[in-house]
> 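What follows is a single structure, and I will ask about it in a moment.
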Amino acid sequence: MLDLMYQMIWRMCMIVTIAFLITRLNLFRQMIYQRLSWKGKVVMIFIFGLFGIIGNYTGVVIQPDFSKIPFDYSFHNIESFKAIADTRNIGVIIGGLFGGPAVGIGAGIIAGAHRYLLGGFINTATFILTVVGGLIAGWINWKIAYKERIQPSYILMISVCILFIQIILIPVLIESHEVGVLLIKFTGLPIIIVNGIGIWICALIFYSVLREEDKAKANQTQKALFIANKTLPFFRQGLNKHSCEKVAHILCTHTNADSVAITDLNEVLTHVGKGKNYDQLLQENDQYAMKQVLKTGEIFTLKSISEDRSINTRHPLKAVVIVPLFVREKPIGTLKMYYTNPFKLNESEKELAEGLIMLFSTQLEIGEAERHKELLQDAKIKALQAQIHPHFLFNSINVIVALCKRDPLFARKLLIQLSTFLRNNTRATSQTLIPIEKEMESVMAYFSLEQARFPERFTLKTSIHSSLEKALIPPFTIQPLVENAIVHGFLERLIKETVEISVYNEESFLKISVKDNGIGITSKRLKQIGSQATPSNKGTGIAIQNIRERLSLVFGSEASFSIKSQFKKGTIITIVVPLHYER
């Protein structure tokens, strides 16, 4: 028995070697990760069937010891009682466990039929049991999960059970039951051990190959994401010479590429690395390939640039992969990665290039979306600012007109104040943020005009620390609030009508408070103000809504706007925004 086991073990090594070669097939990987097509199943049936045939040919021919049987078999041809202790079940069971019922049964039929043709008194039984073994292995594949299916320990347990069932059924399926029992006593344990170990080793090989492939894919994904993280700040700026040059340097540093070029639809935007002095010749050589890439949206690889006679044979670049760049599924350019050695352009580099297509295209789309958002935001800000102009301008002109006959010099002074206001206003329409000191110029200009209209009626108090004068806020944030306080808060004549403006720093936030001691706001109207236009006899009711919208556009959720008011007691409006200064 030990001698038989020894002979079977070294034959099993050949089967294991073949198993390792099978792992090189792309179909094998497809078989592991997803269901095979019928074409793929047919190919794998023949491969694992051949696996079983080799197991038959490398088997050990044995013959039962009839001296241990108390029956007379002298009338039989002793040669007909020969059997083969083989390793065919390795291929059949592995095929079923990894390929499913169709592969298991198909491989079992091929390996079992070949064993049947080799003859012997158990040839019919071995054919049936080989097919049954493939069927059981395939059924298990169909029932259990992928992760369980590739665990070597799990496969060893299953294979031993299948082999045990095959061995104990041999005496049942043959005519000479006593000879069958004698046969399995001598060969059963070695066959189960050797085939079981062989299947377990094959599973270990398959498992290790898959682990290596998963690890390689994970590393490739991590590398692609690392590169994408590095290039994001630049591709978000769009496809221009500056951003492309930065991206090209990153790719040269973190990939095997010796040279990187990035183009738009018409010209090369940048070329970094070796051989860039041949850029014009390379561009002419790549012209057809680039057109195909832009047309089909598929990667193009060329491992023999030097074969083109238009390129100097001494130039260092020998291979190239060209990747299309998209924005909203439309090609906008290409990425070309050159290599000094064609062997550097391996499958790993191609897969990396494929991964970078979507990442780079997404970055470019994000950049374009952000630029559109900025343009839209600027347009909204300008439109909202434009709504302020007539609101103040008509009141100012009315005051100056009234003073022209009575006090021309004072009217002139007020015109200068109006000029200051309008000049700041004109500049503000082209700016998203302005310093507080500029905003206060507009406030003081407005207040001067109101004081001229109602001499000594209103008092303006300001409390602004000098360190905050350069802090940035959206234009016309404070002035409309002062105007609202005077126009609406002091609708009824009151004693000591005062507006107080306070600006201070609170935990890296700029806090602006505009307080008046006017008539206040009713609770019903207070709920409407700021969320919608609230027209009145004195205005359109858009000022506060305008300020809120602009704060939201510029600062997003970091800005806050609140109103506290008590009827007949006054109003406090508080604005909090991030503290920023001019750079």
Side-chain angles (χ1 to χ4, degrees), residues 12 15-16 18-20 22-23 25 27-38 40-53 55-56 86-113 115 125-170 172-173 184 188-189 191-211 213-214:
M12 177 196 71
I15 304 297
V16 169
I18 296 170
F20 175 77
I22 289 176
T23 62
L25 298 173
L27 269 177
F28 167 77
R29 290 168 172 77
Q30 184 183 350
M31 179 180 69
I32 298 301
Y33 288 115
Q34 59 188 23
R35 298 293 178 185
L36 286 169
S37 64
W38 277 106
K41 287 180 180 179
V42 169
V43 173
M44 296 312 296
I45 285 170
F46 279 103
I47 289 175
F48 283 106
L50 180 62
F51 205 157
I53 290 173
N56 287 329
D86 53 47
T87 55
R88 72 182 178 281
N89 283 300
I90 294 177
V92 175
I93 293 175
I94 283 288
L97 288 174
F98 283 87
V103 176
I105 295 172
I109 291 173
I110 292 174
R115 172 63 187 86
T126 53
F127 171 75
I128 295 171
L129 294 174
T130 302
V131 176
V132 169
L135 173 63
I136 295 172
W139 179 81
I140 292 171
N141 164 281
W142 186 55
K143 284 292 183 181
I144 64 177
Y146 160 71
K147 287 186 178 179
E148 293 174 327
R149 191 159 69 239
I150 64 170
Q151 294 298 325
S153 57
Y154 195 87
I155 288 176
L156 175 62
M157 181 180 68
I158 293 171
S159 62
V160 167
C161 292
I162 295 173
L163 291 166
F164 180 76
I165 292 170
Q166 288 178 319
I167 290 297
I168 63 173
L169 287 178
I170 286 177
V172 178
L173 297 177
I184 64 173
L189 188 60
I191 287 175
I192 291 174
I193 292 174
V194 174
N195 280 269
I197 291 174
I199 292 169
W200 177 64
I201 293 174
C202 289
L204 283 174
I205 292 172
F206 292 174
Y207 186 67
S208 65
V209 168
L210 294 175
R211 286 288 299 273
E213 185 169 304
D214 289 341

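What's counted below: heavy atoms across the whole structure, side chains too, no hydrogens, waters or symmetry copies.
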> Determine the minimum heavy-atom distance between A113 and F127, stating which atoms define it.
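It is N-CD1, 3.3 Å.
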> What closest approach, in Å, do I94 and A203 show between heavy atoms, and which atom pair accounts for it?
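Heavy-atom minimum between the residues: CD1-N, 4.4 Å.
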> Enumerate the salt bridge (Lys or Arg N to Asp or Glu O under 4.0 Å) contacts for residues 154-164, please, sequence neighbours excluded, ordered by first and then second residue.
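Passing the test, one end in residues 154-164: no pairs.
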> Compare every heavy atom of F48 with every heavy atom of G91, then report the nearest pair and how far apart it is.
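Result for this residue pair: O-CD2, 3.3 Å.
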> Atom CD of Q166 and atom CD1 of I128: how far apart are they, to the nearest 0.5 Å?
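Going from CD on Q166 over to CD1 on I128, the span is 12.0 Å.
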> According to the side-chain hydrogen bond (donor to acceptor under 3.5 Å, both in side chains) rule, which pairs have a member within residues 125-136, sequence neighbours left out?
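Qualifying pairs, neighbours excluded: R88-T130.
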> Walk me through whether L129 and I167 qualify under side-chain contact (heavy atoms from CB on, under 4.5 Å).
CA-CA 9 Å; L129 294 174; I167 290 297; over 6 Å; no
> In Å, rounded to the nearest 0.5 Å, how long is the span from CD1 of I90 to CD1 of I93?
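I90 atom CD1 to I93 atom CD1 measures 8.5 Å (nearest 0.5 Å).
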> Could you tell me the separation between the CZ atom of F164 and the CD1 atom of I191, rounded to the nearest 0.5 Å?
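If we round to the nearest 0.5 Å, F164:CZ and I191:CD1 are 13.5 Å apart.
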> Considering residues at least two apart in sequence or located in another chain, which fulfil the side chain to side chain contact (heavy atoms under 4.5 Å, CB included) criterion with I45?
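Once residues adjacent in sequence are excluded, the partners of I45 under the side chain to side chain contact (heavy atoms under 4.5 Å, CB included) criterion are V103, I110.
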> Of all residues at least two apart in sequence or in a different chain, which pass the side chain to side chain contact (heavy atoms under 4.5 Å, CB included) check with L156?
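With sequence neighbours excluded, L156 shows a side chain to side chain contact (heavy atoms under 4.5 Å, CB included) to S159, V160, W200, given in chain and number order.
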> For the CD1 atom of I199 and the CE atom of M157, what is their distance to the nearest 0.5 Å?
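Atom-to-atom, I199:CD1 and M157:CE are 13.0 Å apart.
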> Please check if the side chain of N195 supplies one atom and the backbone of D86 the other of a donor-acceptor pair under 3.5 Å.
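Looks like yes, one N/O pair under 3.5 Å.
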> Enter the distance from I158:CD1 to N141:CG here, rounded to the nearest 0.5 Å.
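Atom-to-atom, I158:CD1 and N141:CG are 9.5 Å apart.
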> Just how far is it from atom CD1 of I168 to atom CG of L173, taken to the nearest 0.5 Å?
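CG of L173 is found 10.5 Å from CD1 of I168.
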> Can you name the residues that form a side chain to side chain contact (heavy atoms under 4.5 Å, CB included) with L135, not counting sequence neighbours?
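Partners of L135 under the side chain to side chain contact (heavy atoms under 4.5 Å, CB included) test: I105.
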> Examine distances only and state if a side-chain atom of N56 and a backbone atom of A111 form a donor-acceptor pair shorter than 3.5 Å.
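Answer holds: yes.
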